[in-house]
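Input: a single structure, listed below in structure tokens.
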Amino acid sequence: MNAYDHQSIEAKWQRRWAEQGTFRVPNPGEPGFDPSRPKLYVLDMFPYPSGEGLHVGHPLGYIATDIYSRYQRMRGRSVLHPMGFDAFGLPAEQYAVETGVHPRLTTERNVANFTRQLRAFGLSYDWDRCFATTDPGYYRWTQWIFLRLFHSWFDPDAGRARPMATLLEDLEAGRRLAGGRPWADLDAAERHAYLNGLRLAYIDEVPVNWCPGLGTVLANEEVTREGRSERGDFPVYRRPLRQWMLRITAYAERLLADLDLVDWPESIKAMQRNWIGRSEGARVLFPVEGSPEVIDVFTTRPDTLFGATYMVLAPEHPLVDALAAEVWPPGTPIGWTGGAADPRQAAAAYRLRASGRSELERQAETREKTGVFLGRVAVNPVNGASIPIFLADYVLMGYGTGAIMAVPAEDERDWEFAEAFGLPIVRTVQPPEGWEGPYTEDGPAINSGFLNGLRVAEAKPRMTAWLEEQGCGTAAVSYKLRDWLFSRQRYWGEPIPILHGPGGELRPLGDDELPLLLPEVEDYRPRTDLADDAEPEPALGRAPDDWKTVALNGVVYRRELNTMPQWAGSCWYYLRFCDPHNREALVGAAAERYWMGERGVDLYVGGVEHAVLHLLYSRFWHKVLYDLGHVSTPEPFGRLFNQGYILADAFQDERGVYLPADEVEEQDGRFTYRGRPVTRSFGKMGKSLKNSVSPDEIFVEYGVDTLRLYEMFMGPLDSSKPWTTRDIVGVHRFVLRLWRALIDPGTGALRVDEAPADPELLALTHRTIAAVTGDMEDLRFNTAVARFFELNNALVARERVPRFVAEAFVRLLAPFAPHLGEELWERLGHSTSVALAPWPDFDPGLAAEDTVTMVVQVNGKVRDRILVPAGIGEEEARSLALGSEKVAAYLKGGEPRRVVVRPPNLVNIVVP
RNA sequence: GCGGGCGUAGCCGAAUUGGCAUAGGCGCCGGACUUAGGAUCCGGUGGGCGUCAGCCCGAUGUGGGUUCGAGUCCCACCGCCCGCACCA
């Protein structure tokens with residue numbers, strides 16, 4: 001085997017790694033564990049094992065983390081680098097609906113296929129730690145965490161979660177009141193309701209995103225701005241349902257503040273901050289004339305209270321029925337009635353209309369303001385003015401209190417509504433001369449009594465203080481973030497381990513009853529044929545009766561039939577990798593402290609698409625586990641890096657339908673598919689654009705190492721870049737040339753010289769080591785590969801390569817092209833894996849060249865280059881530069897005005 | 001509208017603190033090997049001039065500014081990408 005034969009080399013080393021367990025890493029307490037080695041946890045966002053398999057875009061991040069892991073191992077770190085599968089979820093279930101094949105079988109098949117493909121990339125995972133979220137041994141602990149959420153509450157005084165048991169003790173001992181009442185005074189139903197109102201996992205009747213196309217409800221994060229499902233692009237409708245919720249809002253402040261603790265891309269932090277959506281302001285209470293009710297509003301502009309000329313409730317606001325008057329007050333404008341005979345009918349009709357429309361339809365109405373008058377007025381607490389109360393869908397129940405004070409002069413939406421309904425507009429901030437329309441900028445307060453003359457920033461706290469003095473308001477913080485809707489009506493998810501008693505009481509399973517396994521069903525289809533107002537039936541409703549009901553002590557309980565969303569399994573998988581076979585705990589304490597110590601996962605690499613879904617949910621669960629003492633760091637992922645996407649040409653016919661890109665032919669810059677002209681576009685490689693490139697052909701033609709090098713060479717890891725199969729040959733030529741530089745193609749003999757390297761090559765080698773080492777730390781793999789090319793270009797002309805250079809080069813290259821690295825390392829005479837060899841050191845003294853080219857500038861333009869000793873002094877450099885003949889031409893015998901000397905690189909001579 | 005980011009050669013991209021702009025690759029041009037090559041190997045590749053060592057000039061989206069010196073810092077503008085968006 002003298003010529004480079006990637007197929008046999010790659011097969012040989014993948015086999016040997018598996019046989020020798022090269023990348024197995026022991027836990028504390030296990031044989032081979034070396035406590036002197038500092039740990040490093042390098043994690044990929046694990047994939048959903050789809051039926052399509054991998055294309056060349058998928059492994060970009062995996063290759064990067066693999067290189068980083070291999071590099072850090074060579075630097076002596078104990079590296080945890082695992083891989084697993086996020087295997088619950090819709091595609092396997094959709095397939096089951098269509099074919100009747102159990103999702104478990106589909107999942108197992110896909111996991112096997114993915115594992116095979118990932119192994120083919122030569123990735124250095126510790127495969128002994130591999131699991132899927134669908135393994136009962138794993139989801140047992142997902143259910144266990146759910147029970148911890150159920151058994152915990154967020155103590156606002158402590159600012160953290162605590163077990164319900166401690167709350168009950170306090171309540172029973174009278175140290176704490178339940179909603180202002182002694183615990184003993186509450187009956188069973190009241191106690192149940194009170195505790196449910198505090199649990200981190202609780203049931204509530206809430207307006208949900210019901211997606212008939214998927215037969216399930218979705219979290220807000222899973223609904224696109226067009227009001228469609230992120231997965232499948234089906235329409236989503238709002239409807240109220242009793243559902244499991246997780247109280248993520250309790251953690252809003254910590255999820256926001258702790259972003260300062262982590263090393264994440266600023267854009268991801270910004271997206272999370274934006275999603276949490278903190279805003280400061282005040283709650284203001286508005287009494288209602290002729291009613292005992294009080295309307296509670298949130299405003300960020302308490303300073304504009306004097307300008308509040310009407311109020312608006314969201315259509316779903318709970319006070320609507322109580323407030324709607326029986327008859328229209330005399331003089332009610334016809335435009336305020338919605339054409340209804342009385343306010344109650346108007347409100348009912350409006351509410352029905354609002355609920356029946358999807359988000360998409362609401363968008364389509366171009367934000368035209370609609371609403372109806374409730375026939376009742378509130379009292380503005382600051383000036384006693386009577387202001388009408390409206391119902392309008394531009395106010396959202398899900399934000400603030402679901403009710404607003406409307407200040408048309410200082411709010412665009414309120415202005416539009418006021419114009420449409422003929423409501424008064426009172427300016428309370430003085431706009432610039434000639435200003436028309438709402439004014440939302442800073443200015444002096446006017447028409448505002450005790451606030452007059454104050455700027456906005458001064459007026460806000462003044463008004464808040466006044467409200468607090470008067471007892472009709474308080475400073476307040478509001479968040480956009482809402483509680484996490486946690487129920488799904490699908491089959492292929494973790495069953496929720498809760499029983500429902502005959503009186504509606506909840507009985508959680510005990511930890512010893514886990515895992516609660518999924519029952520077998522004959523039909524996976526969601527019930528979508530139901531009437532609009534019927535309760536959607538979960539898929540587990542078709543489970544056998546002996547699964548659905550449980551008799552305990554003569555009481556018959558019904559099992560919870562909803563399952564968990566796909567995000568549940570991925571919320572904590574990084575913890576399980578630390579200790580995947582532990583049967584006593586979700587993760588052993590010693591393993592958790594060792595692998596997660598300091599800053600959690602040391603490097604977490606994945607796509608930006610998980611910016612607010614997975615990463616926010618995961619942080620939330622982690623903080624709960626932290627509060628309850630199960631993990632030791634406040635944040636799970638210390639450093640996050642988003643790899644870019646791989647893009648590729650895509651082709652569409654005249655209808656816009658995407659055509660298989662690999663069947664499109666190019667001729668003279670025109671593209672055709674089966675003879676018909678097609679248009680070219682560009683986008684993320686994948687199934688939807690039909691522009692995937694399979695790695696298999698590239699493996700055959702060029703090999704894994706070439707593909708790995710190419711993907712790293714394409715550009716910076718964090719930017720998206722186009723796939724160009726044509727460009728791979730450049731990297732492949734490098735591999736061939738390197739092989740030829742070290743191995744004689746005729747005899748197969750090593751072309752290594754035992755004599756020391758000449759100073760020039762030695763310096764280049766040391767510079768390469770220095771540069772590549774720096775590139776590794778910063779994940780700049782594209783420039784590292786470029787350094788390989790440069791060093792290689794210096795070797796190809798030589799008959800023999802000095803051993804020092806060869807051994808350094810092979811070790812630098814090994815993380816990128818591990819099979820080639822191993823083969824060359826072995827041929828260089830080493831019997832142990834290059835993966836365990838020490839990373840080469842560089843000598844800064846040797847890396848520096850003895851002589852450097854000093855640039856001589858005149859007025860900032862390069863006019864001469866002089867070879868000088870690297871250690872040249874300032875005076876010497878100055879006189880050398882001034883002595884240059886080329887400079888003399890610009891000096892014209894005169895004196896330079898100024899000479900800037902930066903030895904040994906540059907002298908800049910300033911002349912008039 | 002709000003927030004984050006990006007504009008360098010024919011293309012992908014490099015330039016760590018302001019200091020030789022364009023490393024490295026593709027493509028292209030020329031040559032070698034060859035029946036042939038779209039494989040492989042060697043050389044060239046911003047423009048202009050020149051007898052191959054050379055000389056001159058231009059250029060980092062646009063326009064200003066700071067500086068001896070700006071791709072890099074500051075201001076304004078243009079274009080592109082991403083996220084959020086009736087969030088009170």
Side-chain angles (χ1 to χ4, degrees), chain A residues 3 225 265-275 277-279 281 297-301 304 308 312 314 362-363 365-369 392-396 398-407 410-414 416-417 440 478-482 608-609 611-612 642 701 709-710 713-716 718-724 726-734 736-737 740 745 771 774-775 777-778 780 782-790 792-793 796-797 852-862 864-865 886 896-902 905-911:
Chain A
R225 109 177 94 153
E266 205 45 51
S267 60
I268 301 291
K269 289 191 186 186
M271 283 162 75
Q272 292 220 345
R273 289 192 187 105
N274 190 15
W275 190 263
R278 184 183 200 273
S279 47
V297 306
F298 174 76
T299 177
T300 56
R301 294 293 302 274
T304 62
V312 183
R362 283 168 79 150
Q363 293 277 336
E365 285 167 16
T366 64
R367 297 183 181 177
E368 196 177 305
K369 293 291 177 288
D393 66 1
Y394 82 91
V395 172
L396 310 174
Y399 183 76
T401 62
I404 62 159
M405 63 179 220
V407 186
E410 278 93 33
D411 184 285
E412 284 181 33
R413 299 149 301 177
D414 295 345
E416 287 171 22
F417 190 88
T440 56
S478 186
Y479 300 92
K480 264 167 65 179
L481 182 70
R482 294 186 230 172
V608 71
E609 68 270 19
V612 287
N642 293 119
E701 191 164 359
L709 282 165
Y710 172 63
F713 184 63
M714 291 171 78
D718 58 357
S719 54
S720 293
K721 49 234 159 195
W723 179 265
T724 321
R726 184 177 77 186
D727 289 1
I728 297 174
V729 297
V731 179
H732 191 59
R733 284 178 194 144
F734 156 75
L736 295 175
R737 290 206 285 178
R740 217 168 39 244
D775 289 339
E777 297 291 342
D778 298 338
R780 292 191 311 248
N782 55 325
T783 51
V785 176
R787 299 285 183 179
F788 296 152
F789 288 2
E790 279 179 296
N792 195 39
N793 288 344
V796 288
V852 297
T853 305
M854 184 174 77
V855 170
V856 183
Q857 297 180 334
V858 177
N859 290 341
K861 293 204 176 208
V862 180
D864 199 6
R865 294 182 167 88
K886 286 164 186 162
R897 186 189 293 170
R898 183 173 170 185
V899 181
V900 180
V901 186
R902 293 283 180 274
N905 296 314
L906 176 138
V907 175
N908 187 15
I909 298 163
V910 186
V911 298

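Letters A, B, ... mirror the listed sequences (proteins, then strands); counts begin at 1.
Partners of A:Tyr399 according to the ring pair (Phe, Tyr, Trp, His ring centres under 6.0 Å) rule, which considers only residues two or more places apart in sequence or in another chain, do not exist here. With sequence neighbours left out, the side chain to side chain donor-acceptor pair (under 3.5 Å) criterion links A:Arg787 to no other residue. Checked against salt bridge (charged side-chain N to carboxylate O under 4.0 Å, His left out), A:Arg733 has no partners two or more places apart in sequence or in another chain. Annotation: salt bridge (charged side-chain N to carboxylate O under 4.0 Å, His left out) contacts of A:Arg780 (sequence neighbours excluded): A:Asp775, A:Asp778. Shown here are the salt bridge (charged side-chain N to carboxylate O under 4.0 Å, His left out) partners of A:Asp414, two or more places apart in sequence or in another chain: there are none. Every residue two or more places apart in sequence or in another chain that forms a salt bridge (charged side-chain N to carboxylate O under 4.0 Å, His left out) with A:Asp864 is listed here: A:Lys886. With sequence neighbours left out, A:Thr300 forms a side chain to side chain contact (heavy atoms under 4.5 Å, CB included) with A:Ser279, A:Phe298. In this structure, A:Asn905 has no side chain to side chain donor-acceptor pair (under 3.5 Å) partners at least two apart in sequence or on a different chain.
Closest approach to the A:Phe298 side chain among B:rA23, B:rC84, B:rA88 is made by B:rA88 (side chain taken as heavy atoms from C-beta onward). Nearest to the side-chain atoms of A:Tyr394 among the listed nucleotides B:rC20, B:rG83, B:rC86 stands B:rC86. Nearest to the side chain of A:Val395, among B:rG24, B:rA88, B:rC41, sits B:rA88. Comparing B:rU40, B:rC84, B:rG24 by their closest approach to the side chain of A:Leu736 singles out B:rU40.
In the interface, the side chain of A:Lys480 is not paired with the base of B:rC84 through any donor and acceptor atom under 3.5 Å apart.
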Pair pattern of RNA chain B in dot-bracket, where unpaired bases get dots and | marks partners in another strand, Watson-Crick or G-U under 3.5 angstrom: (((((((..(((......[....)))((((((.......))))))((((....))))...(((((..]....))))))))))))....

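Within the 4.0 angstrom heavy-atom criterion, no nucleotide atom of any strand lies near A:Pro265. Within the nucleic acid shown, A:Phe789 comes within 4.0 Å of sugar-phosphate atoms alone, with no base atom in reach, counting heavy atoms only. Nucleic acid contact class of A:Arg740 (heavy atoms, under 4.0 Å, all strands): sugar-phosphate only.
Regarding contacts with the backbone of B:rA88, a side-chain N or O of A:Ser279 is found under 4.0 angstrom from either OP1 or OP2. When the side-chain nitrogen and oxygen atoms of A:Arg787 are compared with OP1 and OP2 of B:rG24, none of them lie within a distance under 4.0 Å. A sub-4.0 Å separation between OP1 or OP2 of B:rG24 and a side-chain N or O of A:Asn782 is absent. Proximity of A:Asn793 to the phosphate of B:rA23: no side-chain N or O atom is located under 4.0 Å from OP1 or OP2.
Nucleotides B:rG50 and B:rA36 have their P atoms positioned 38 Å apart, rounded to a whole Å.
What separates CE of A:Met714 from C1' of B:rG24 is a distance of 15 Å, to the nearest Å. Atom OH of A:Tyr399 and atom C1' of B:rA88 are 7 Å apart (whole Å). The separation between A:Asp864 atom CG and B:rG19 atom P is 21 Å, rounded to whole Å. Between the CD atom of A:Glu609 and the P atom of B:rG83 there is a distance of 11 Å, rounded to whole Å. Nucleotide B:rC81 holds its C1' atom 15 Å from the CG atom of A:Asn642, rounded to whole Å.
No more than 12 heavy atoms of other residues, nucleotides or ligands sit less than 6.0 Å from atom CD of A:Glu412.
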Are any protein N/O atoms closer than 3.5 Å to N/O atoms in nucleotides 67-71 of chain B? If there are, list each pair with its distance.
from: B:rC68; atom 1: OP1; to: A:Arg898; atom 2: NH1; distance (Å): 2.8
from: B:rC68; atom 1: O2'; to: A:Asn908; atom 2: ND2; distance (Å): 3.2
from: B:rC68; atom 1: O2; to: A:Asn908; atom 2: ND2; distance (Å): 2.6

Which atom pairs link the protein and nucleotides 26-32 of chain B when you take only N or O atoms and keep those under 3.5 Å?
from: B:rC26; atom 1: OP1; to: A:Arg733; atom 2: NH1; distance (Å): 2.5
from: B:rC26; atom 1: O2'; to: A:Arg726; atom 2: NE; distance (Å): 3.4
from: B:rC26; atom 1: O2'; to: A:Asp727; atom 2: OD1; distance (Å): 2.4

Distances under 3.5 Å between protein N/O atoms and the N/O atoms of nucleotides 4-6 of chain B, please, pair by pair.
none

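Formation of a donor-acceptor pair under 3.5 Å by the A:Tyr710 side chain with backbone atoms of A:Gly730 is not found in this model. Between the side chain of A:Asn274 and the main chain of A:Ala270, no donor-acceptor pair closer than 3.5 Å is present.
For the residue pair A:Ile404 and A:Val297, the shortest heavy atom distance occurs at C-CG1, 3.6 Å. Closest of all the heavy-atom pairs between A:Asn859 and A:Val910 is OD1-CA, 3.3 Å. Shown here for A:Met271 and A:Ala611, the closest heavy-atom pair between the two residues is CE-CB, 3.4 Å. The nearest pair of heavy atoms linking A:Met405 to A:Thr299 is CE-OG1, 3.9 Å.
The nearest heavy atom of RNA chain B to A:Ile404 and to A:Asn905 marks one nucleotide each, and the one closer to the 5' end goes with A:Asn905. Position along RNA chain B of the nearest nucleotide to A:Arg865 versus A:Ala786 favours A:Arg865 as the more 5'-ward residue.
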